[in-house]
Novice: 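After the structure tokens below, expect a handful of questions from me.
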Protein chains: 2
Amino acid sequence: MDYVNMESYLKAISDHNRMLILKYLSTDSLCICEFTELLDMTQPAVSQHMRKLKAAELVTEEKRGRWTIWSLNVRHNLYPMLIHLLSLLPEPEVTVKTLVAEGKRVVCD
Amino acid sequence: MDYVNMESYLKAISDHNRMLILKYLSTDSLCICEFTELLDMTQPAVSQHMRKLKAAELVTEEKRGRWTIWSLNVRHNLYPMLIHLLSLLPEPEVTVKTLVAEGKRVVCD
DNA sequence: TGTATAAATAAGCAAACGCTTATATAATGA
DNA sequence: TCATTATATAAGCGTTTGCTTATTTATACA
């Protein structure tokens with residue numbers, strides 16, 4: 001890995017909202033509309049964060065009906081380090097369980 | 001470590017010139033004027049990078065006569081991870097050995 | 001069909017970034 | 001004391017970032 005690649009990778013994770021997104025993705029696969037609830041953020045803002053994470057190959061996406069399901073890219077070289085970093089961060093107050101309790105968890109099959 | 005701290009830390013290392021600085025520091029303690037040679041960068045530019053690294057507690061400084069000697073902060077929680085990251089990066093073309101060969105290595109005692 | 005929902009994209013804007021040049025501060029040594 | 005050297009700081013400038021609102025694209029379903 002060269003300096004430019006490393007810079008792109010680190011820049012992609014150097015944002016507290018994107019770290020939150022990655023923290024959520026470390027336990028669940030989620031879609032944009034769920035993140036807007038979890039992060040209390042507008043849909044375009046979330047969408048643009050996902051685009052950055054995708055560009056750095058940190059996440060993968062899968063179309064499912066009208067939803068796009070996002071997951072961590074477990075194949076990335078730095079995936080183990082990322083998991084370690086995320087483990088140092090506290091659990092967010094709003095959790096996926098909150099979504100389920102509010103009936104906002106997306107179920108697509 | 002909370003999300004804000006982690007963001008500051010990662011932002012501090014998310015720059016290819018600062019990664020180069022850290023790479024150099026992983027094997028030698030150096031002063032600003034040596035970095036201007038190693039990175040082919042102006043003195044204020046280097047000085048401002050060191051200020052950012054210091055603010056994130058990645059480096060420590062020690063005054064020695066008219067020089068300020070900079071070192072990696074080996075006491076930082078994420079120091080082992082930093083060393084691992086730096087180990088993934090290639091050795092720079094211009095090395096401290098080059099400085100020595102050109103008689104530009106600073107010796108202060 | 002037509003309407004609702006999910007997501008992407010575009011344009012605009014304030015703030016932060018990385019650099020520049022100019023200047024200030026501080027220590028050295030003739 | 002005065003010139004030199006090392007570093008820090010200040011102001012300015014073009015680019016990037018993270019958001020906003022508005023719009024577009026695409027899928028689902030009554």
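First the proteins, then the strands, lettered A, B, ... as listed; each starts at 1. Note that this is a predicted model, so its numbers are computed, not measured.
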Novice: Nearest whole Å is fine: how far is D:dT7 P from B:Ile21 CD1?
Specialist: 13 Å
Novice: If you pin B:Met41 and B:Arg66 to their nearest nucleotides in DNA chain C, which one's is more 5'?
Specialist: B:Met41
Novice: Measure the distance from NZ on A:Lys104 to P on C:dA6 and round it to the nearest whole Å.
Specialist: 12 Å
Novice: Do B:Ile13 and B:Val74 land in one hydrophobic cluster if side-chain heavy atoms of ILVMFWY residues count as linked below 4.5 Å?
Specialist: yes
Novice: Would you indicate which nucleotide in C:dG18, C:dT9, C:dT20 comes nearest to any side-chain atom of A:Pro44?
Specialist: C:dT9
Novice: Under a single-linkage definition using a 4.5 Å side-chain heavy-atom cutoff for Ile, Leu, Val, Met, Phe, Trp and Tyr, are B:Val59 and B:Ile69 assigned to the same hydrophobic cluster?
Specialist: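 No, it is not one cluster - the side chains of B:Val59 and B:Ile69 are not joined through contacts under 4.5 Å.
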Novice: Under 3.5 Å, is there a donor-acceptor pair linking the side chains of B:Glu7 and A:His16?
Specialist: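 Their side chains do contain a donor-acceptor pair, which is all the 3.5 Å distance test asks for.
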Novice: Rounded to whole angstrom units, what separation is found between the CG atom of A:Leu53 and the C1' atom of D:dT17?
Specialist: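 Taking atom C1' of D:dT17 as the reference, CG of A:Leu53 is at 14 Å.
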Novice: Check whether any side-chain nitrogen or oxygen of B:Ser47 sits under 4.0 Å from OP1 or OP2 of D:dA8, and answer yes or no.
Specialist: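 True: B:Ser47 side-chain N/O within range (under 4.0 Å) of D:dA8 OP1/OP2.
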Novice: Tell me: NZ of B:Lys11 to P of D:dT17, nearest whole Å?
Specialist: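 Value for this atom pair: 10 Å.
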Novice: Just how far, in rounded Å, is C1' of C:dC17 from CD of B:Glu7?
Specialist: 14 Å
Novice: Please confirm whether the shortest side-chain N or O distance from B:Arg18 to OP1 or OP2 of C:dG18 is below 4.0 Å.
Specialist: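 Looking at the OP1 and OP2 atoms of C:dG18, one of them is under 4.0 Å from a side-chain N or O of B:Arg18.
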Novice: Starting at CG of B:Asp15 and ending at C1' of C:dC19, how long is that distance when rounded to a whole Å?
Specialist: 11 Å
Novice: Select one nucleotide: of C:dT9, D:dT7, D:dA10, the one nearest the side-chain heavy atoms of A:Gln48.
Specialist: C:dT9
Novice: Are the charged groups of B:Arg64 and B:Glu62 less than 4.0 angstrom apart, N to O?
Specialist: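 Judged by the 4.0 Å cut-off on N to carboxylate O distance, B:Arg64 and B:Glu62 do form a salt bridge.
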Novice: Do the side-chain N or O atoms of A:Arg51 get closer than 4.0 angstrom to the phosphate oxygens (OP1, OP2) of C:dA8?
Specialist: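 For A:Arg51, the contact criterion (side-chain N or O under 4.0 Å from OP1 or OP2 of C:dA8) is not met.
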Novice: Which nucleotide in the set D:dT20, C:dC17, D:dT17 lies at the smallest distance from any side-chain heavy atom of A:Ala45?
Specialist: D:dT20
Novice: Heavy-atom nearest nucleotide on DNA chain D for A:Gln43 versus A:Asn17: which residue maps closer to 5'?
Specialist: A:Asn17
Novice: Given D:dA8, C:dA7, C:dG18, identify the nucleotide with an atom nearest to the side chain of B:Glu61.
Specialist: D:dA8
Novice: If you look at every strand shown and take non-hydrogen atoms under 4.0 Å, does A:Lys52 touch a base, only sugar-phosphate, or nothing?
Specialist: sugar-phosphate
Novice: Check the side chains of A:Thr60 and A:Ser71 for a donor-acceptor pair under 3.5 angstrom, ignoring hydrogens and angles.
Specialist: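 Their side chains do not contain a donor-acceptor pair, so the 3.5 Å distance test is not met.
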Novice: C:dA8 C1' sits how many Å from A:Trp70 CH2, rounded?
Specialist: 10 Å
Novice: Please determine, for the side chain of B:Cys33, which listed nucleotide (C:dG18, D:dA8, D:dT7) has the closest atom?
Specialist: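 The nucleotide sitting nearest to the side chain is D:dT7.
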Novice: Would you mind reading off the distance between A:Phe35 atom CZ and C:dA7 atom P, rounded to a whole angstrom?
Specialist: 10 Å
